[in-house]
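Please read the structure below before turning to the comments.
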Amino acid sequence: MFMECSVGRPGLRRIGPLIQAILAQAAHPPLHPVPGSVGPEAGTLVRTVLTCLDDSKAEDIVAIDLHGKTILADVMIIATGRSNIHVGAIAERIISALKGERHKPPRVEGLRTCDWVLVDGADIIIHIFRPEVRRFYNLEKMWGVDRPGERRLG
């Protein structure tokens, strides 16, 4: 397990309710099941990623439950970094944590410019944006963040 993102950190209190809500919803099957397997490691990966985002001081963290919406992943997490350097640092920390959790490294796009970095961990997709880029693409609206089951952190 990735040691830098320790579970006992004080900032974890902020994301505790979000983790509990996601894990509680993952225990219930979606209304319209989609093919594919939902592994028990999805909850562990979400917890690891949210802890790393909190430790990295990512802003405006949103977790979207994708059960029943797509077979791409189980959870999509969207976060904002203050600058290109901050976005890159957040992404590197998440990539290292996911490598520690799994045998196969995640697929990564956008690390060269760090305007928008996509980390594909199979069961979980993480988008890290600069503020202007996040407003432009507005993924929360596309995936319906205000629907039941989605929670905003903060």
Side-chain angles (χ1 to χ4, degrees), residues 2 4-5 11-12 14-26 30-36 38-39 41-102 104-154:
F2 187 69
E4 279 188 80
C5 298
L12 190 59
R14 227 172 37 116
I15 62 173
L18 180 63
I19 292 172
Q20 290 172 356
I22 290 172
L23 293 178
Q25 289 170 358
L31 294 175
H32 305 288
V34 293
V38 177
E41 69 277 355
T44 305
L45 290 175
V46 169
R47 190 176 301 115
T48 300
V49 169
L50 290 176
T51 301
C52 287
L53 288 170
D54 191 52
D55 289 350
S56 300
K57 306 295 187 221
E59 300 172 352
D60 199 21
I61 302 166
V62 175
I64 302 173
D65 183 6
L66 297 178
H67 287 102
K69 295 178 185 177
T70 182
I71 59 172
L72 295 175
D74 298 330
V75 177
M76 178 185 297
I77 296 178
I78 304 170
T80 302
R82 293 180 299 276
S83 65
N84 295 58
I85 294 170
H86 190 213
V87 168
I90 293 168
E92 290 292 342
R93 190 170 201 156
I94 290 172
I95 293 164
S96 296
L98 291 178
K99 284 181 184 176
E101 290 282 327
R102 318 183 104 193
K104 185 177 171 186
R107 291 179 298 244
V108 181
E109 294 290 332
L111 204 52
R112 180 179 290 204
T113 60
C114 294
D115 284 332
W116 172 8
V117 177
L118 169 70
V119 181
D120 182 357
D123 296 331
I124 182 170
I125 297 173
I126 304 104
H127 297 275
I128 309 156
F129 291 98
R130 280 189 313 106
E132 314 77 60
V133 179
R134 183 172 180 173
R135 280 191 300 273
F136 180 79
Y137 286 103
N138 199 4
L139 292 183
E140 294 92 338
K141 183 176 180 183
M142 183 186 308
W143 288 97
V145 78
D146 291 329
R147 295 181 179 172
E150 283 78 39
R151 303 282 187 262
R152 181 173 290 273
L153 179 67

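Computed over heavy atoms, backbone and side chain alike; hydrogens, waters and symmetry mates excluded.
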I need the [X] [atom1] to [Y] [atom2] distance, nearest 0.5 Å.
X    : Y    : atom1 : atom2 : value
L50  : I124 : CG    : CD1   : 7.0 Å
D55  : K57  : CG    : NZ    : 7.0 Å
D120 : R107 : CG    : CZ    : 4.0 Å

Under a 3.5 Å distance rule, please check whether H86 uses its side chain to pair with a backbone N or O of R130 as donor and acceptor.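 Side chain of H86 to backbone of R130: no pair is present.
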Least distance between heavy atoms, [X] atom then [Y] atom:
X    : Y    : answer
P105 : K99  : CB-CE, 3.9 Å
A97  : C52  : CB-SG, 3.5 Å
G110 : V117 : O-CG2, 3.6 Å
P131 : G81  : CD-O, 3.1 Å
G88  : C114 : CA-SG, 3.6 Å

Could you list the residues that satisfy side chain to side chain donor-acceptor pair (under 3.5 Å) with H127, not counting sequence neighbours? W116
Those residues at least two apart in sequence (or on a different chain) that pass side chain to side chain donor-acceptor pair (under 3.5 Å) with T80 are R134
Got a sec: does the CD of E132 have more than 12 other heavy atoms crowding it under 6.0 Å?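 Check passes, neighbour count above 12.
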With side chains defined as the heavy atoms from C-beta onward, is the minimum distance between V49 and L98 less than 4.5 Å?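 They are in side-chain contact.
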Criterion side chain to side chain contact (heavy atoms under 4.5 Å, CB included) against I78, the qualifying member of I64, I61, I128: I64
Scan L139, D115, V87 and name whichever one has a side chain to side chain contact (heavy atoms under 4.5 Å, CB included) with F129. L139
Non-neighbouring partners of E92 that pass salt bridge (charged side-chain N to carboxylate O under 4.0 Å, His left out), sequence neighbours left out: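 Expected list: none.
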